[in-house]
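Presented below is the structure to which this report refers.
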Amino acid sequence: MKVLIGIAVATVSGCAHYTPLPLPTSAPLASDVQGLSGEAPSAPLSVNEVALLALANNPDLQAVRAGRAVASGQTRQAGLLPNPSLSAAFLPLLSGAGTVPGWNIGIAQDIKALITYKSRRRAASDSERQVAADVVWQEWQVAGKARQLAASLIMGARSRPVYVEAYELLRSRNARLETALAARTVTLSTVAPDRVALQAARAALDALDQNQLALRHQLNALLGLRPDAVIALADKAELPPFDPVQIRATLADLPGRRPDLLALRMGYASADESVRQAILSQFPDFVLGGSAASDNSKVVSGGPNVTLGLPIFDRGQGNIAIANATRARLHAEYAARLAATVGEVGALLAETEQLAAQLENVRRDLPAARMAAERARTAFSASNLDERAYLDLAANRFAKEQEAMTLEAALLDRKIAILTLTGAGLPTADLPSEPAPEPGVNP
C-alpha cells in the first residue's frame, strides 16, 4: 500500500498546472506604424519595408504560427513510450472461513504500441515539418500581398495627378461652354459632348480614389492597423532584383525551396508512415504483464499474464485501404501542384515579356504625344488653334499617360507574383530536424 501511495504522489507532483489565458476584450489594432514597430519610420516606407512589417505584425500569421507549437506538442507526445498499467485491489473479509483480507496487484504493458512506436514518431515529426512549411508558405503569401498592395498604392498616387489634370482641363472647358450656353452663343449639341467627357473624367477620378481607399484599408488590415491609419509610402515601387533568365534557370530546384511543395512532401511522408503503421497494426493486440494475489487464508500466488487479441473479424484491412488511398491522394496532389508551379511561373514570365514590350511601345510614343499637347496649348493660347483641336491633342496625351501607368502597374503586379512564387527576398523554410533513432525499438 505504501508503494502505491508513493507512486500516486510522484505522479501527481509531475503533472502540469492550469494557467488561465483570457481572451482580449478589444481589437488588437495599432493606430499607426510606430505602434507596430515601436519607433516612428524616418522616411516613407518602401515596398520591401511594408512586406517586412506585414511578416512581423499580420494577425493571421501570428495565429498560424501558434499552430507550430501544437504540432511540436504532438511530436513530443508521439515520442513518449506508452505507459504500463497498474491494477490493484484490497478485498476485506466479509464472511466465510477466511481470516485476513485479500489483495491483488498487477502490472501490464501493451506490446503492440511498442511495435508501432517508431513509425508513429516519424509520422508526427513529418506532420510537424509540414506545419512549419505551411507557416512559411503563409508568410510568402502575406509578404506578396503586402508588396502588391503597396505597389498598387504607389502607382495609384503617381497616376492621380494625370487624372486630376484631365478633369480640371475638361471642367474649365465645360464651365466656359455652360456660360456660353446660358448666353445662347452656342447650342446644346455643342455642349453635350463636353458634358459627357467631363462626367467620364470625374467618374475615372472617383474610381481611382475609391480604389486607393480600398487598397489602404486592405493594407492596414494586413499590417494589423486601424482602418483610419495613414501609412506614408515611397514615391517609387522598388522590388528585389528581377532577372527572367535566372528565374527560369532556378525552376528546376524550386521544389526544394517552395514551402507549399515542401509541406506536401512532408504530408506525403506522414501518410507513408501511416501506411506502415496500418500494416504493423495487423499484429494482434498483445498485452504482457504479471500479477500477484493473496486470498483470505494468506495463500499468495503470482505469475505472468498475457492478453492476446484474436484477429478473426478485424485484421486491419479497412485501415490499410484508407491509409493507401490517402497516400495515393497526396501523391497526386503533389504531382499536380508541381506541374502547376512550373506552369504558373512560366506563364507569368511570358505575360511579363508581353507587358514590357507593350510598355516600351507606349513610352516610345509618349514624348511625341506630350510635345503635341504642349504645342497645341501654346497655339491655343496664341489663338492659332481652336479649342476643340487643343482638347483632342491634350486628351490623347492623357490617354497615353494613363495607358503607360496601367501597363506599368500590370507589369509590377506580374513581377511581384513571380517573386512571391519563387521566394525572392522571402523567408526560407526552416524545418525541424528529424527525430533521432531510438535504440532497442523495432520499426
Side-chain angles (χ1 to χ4, degrees), residues 19-30 33 35-38 47-78 123-150 215 217-227 229 231 240 254-271 326 329-330 333-334 336-338 340-341 344 416-417 419-435:
T19 302
L21 182 62
L23 293 171
T25 57
S26 60
L29 297 175
V33 175
L36 295 176
S37 59
V47 171
N48 188 56
E49 289 172 334
V50 171
L52 292 177
L53 273 178
L55 287 175
N57 299 283
N58 179 256
D60 291 332
L61 269 185
Q62 294 175 1
V64 169
R65 287 169 181 146
R68 293 193 63 170
V70 177
S72 177
Q74 292 171 341
T75 301
R76 182 180 180 184
Q77 178 63 33
S125 176
D126 289 332
S127 296
E128 182 183 1
R129 290 155 66 85
Q130 179 185 10
V131 171
D134 277 330
V135 170
V136 179
W137 179 241
Q138 290 293 324
E139 291 177 345
W140 282 26
Q141 301 305 298
V142 169
K145 184 65 174 177
R147 284 174 174 175
Q148 285 185 326
L149 290 172
L215 291 175
H217 287 162
Q218 292 177 40
L219 183 58
N220 287 357
L222 199 69
L223 297 179
L225 290 169
R226 292 172 50 184
I231 305 173
L254 194 58
R257 296 184 290 108
R258 271 269 297 252
D260 61 326
L261 293 174
L262 291 175
L264 285 175
R265 284 169 56 184
M266 293 302 102
Y268 175 80
S270 179
T326 301
R329 176 177 60 82
L330 291 174
E333 286 182 3
Y334 180 81
R337 182 71 64 86
L338 182 60
T341 296
E344 189 176 9
I416 290 173
L419 293 173
T420 301
L421 291 174
T422 56
L426 297 176
T428 56
D430 182 18
L431 304 184
S433 59
E434 295 185 359

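Counting from 1, the numbers follow the sequence of the chain as shown.
Ser72 places none of its side-chain heavy atoms less than 4.5 Å from the side chain of Arg68. The side-chain heavy atoms of Thr341 and Leu421, taken from C-beta on, include no pair separated by under 4.5 Å.
Taking all atoms of both residues into account, the shortest heavy-atom contact from Pro59 to Ala221 is CD-O, 4.0 Å. Minimum heavy-atom separation, Ala133 to Pro259: O-CB, 3.2 Å. The two atoms that bring Asp134 and Ala263 nearest to each other are OD1-CB, 3.2 Å, heavy atoms only. The shortest non-hydrogen separation linking Thr420 to Gly144 is OG1-CA, 3.3 Å. The two atoms that bring Leu338 and Pro255 nearest to each other are CD1-CG, 3.3 Å, heavy atoms only.
Separation of atoms CZ (Arg76) and CD (Glu128) is listed at 12.0 Å; rounding is to 0.5 Å. Taking CZ of Arg257 as the reference point, atom OG1 of Thr422 lies at 6.5 Å (rounded to 0.5 Å). The structure places NE2 of His217 at 11.5 Å from CZ of Arg226, a figure rounded to the nearest 0.5 Å. The distance from the CG atom of Leu223 to the CD1 atom of Ile231 is 5.0 Å, given to the nearest 0.5 Å. The structure places CG of Asn57 at 6.5 Å from CD of Gln62, a figure rounded to the nearest 0.5 Å.
The side-chain contact (heavy atoms from CB on, under 4.5 Å) check on Ala229 picks up Asn220, Leu225, with sequence neighbours excluded. Qualifying ring pair (Phe, Tyr, Trp, His ring centres under 6.0 Å) partners for Tyr334, counting only residues two or more places apart in sequence or in other chains: none. Residues passing the side chain to side chain donor-acceptor pair (under 3.5 Å) test with Gln130, sequence neighbours excluded: none. A search for salt bridge (charged side-chain N to carboxylate O under 4.0 Å, His left out) contacts involving Asp260 returns Arg258, Arg337, not counting sequence neighbours. Taking the side chain to side chain donor-acceptor pair (under 3.5 Å) definition, one finds that Ser270 meets it with Ser127, sequence neighbours left out. Under the rule for a salt bridge (charged side-chain N to carboxylate O under 4.0 Å, His left out), the partners of Glu333 that lie at least two apart in sequence or sit in another chain are Arg329. For Ala124, the side-chain contact (heavy atoms from CB on, under 4.5 Å) criterion is met by Thr75, Ala78, not counting sequence neighbours. Taking the side-chain contact (heavy atoms from CB on, under 4.5 Å) definition, one finds that Pro240 meets it with Arg147, Leu419, sequence neighbours left out.
The salt bridge (charged side-chain N to carboxylate O under 4.0 Å, His left out) pairs that include a residue from residues 48-63 number zero, where partners must be two or more places apart or lie in different chains.
At least one donor-acceptor pair closer than 3.5 Å links the side chain of Asn58 to the backbone N or O of Leu222.
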Tabulate below the donor-acceptor pairs under 3.5 Å that side-chain atoms of residues 135-142 make, not counting sequence neighbours, or state none.
unit_1	atom_1	unit_2	atom_2	d
Glu139	OE2	Arg65	NE	3.1
Glu139	OE2	Arg65	NH2	3.0
Trp140	NE1	Pro427	O	2.6

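No more than 12 heavy atoms of other residues, nucleotides or ligands sit less than 6.0 Å from atom CD of Gln77.
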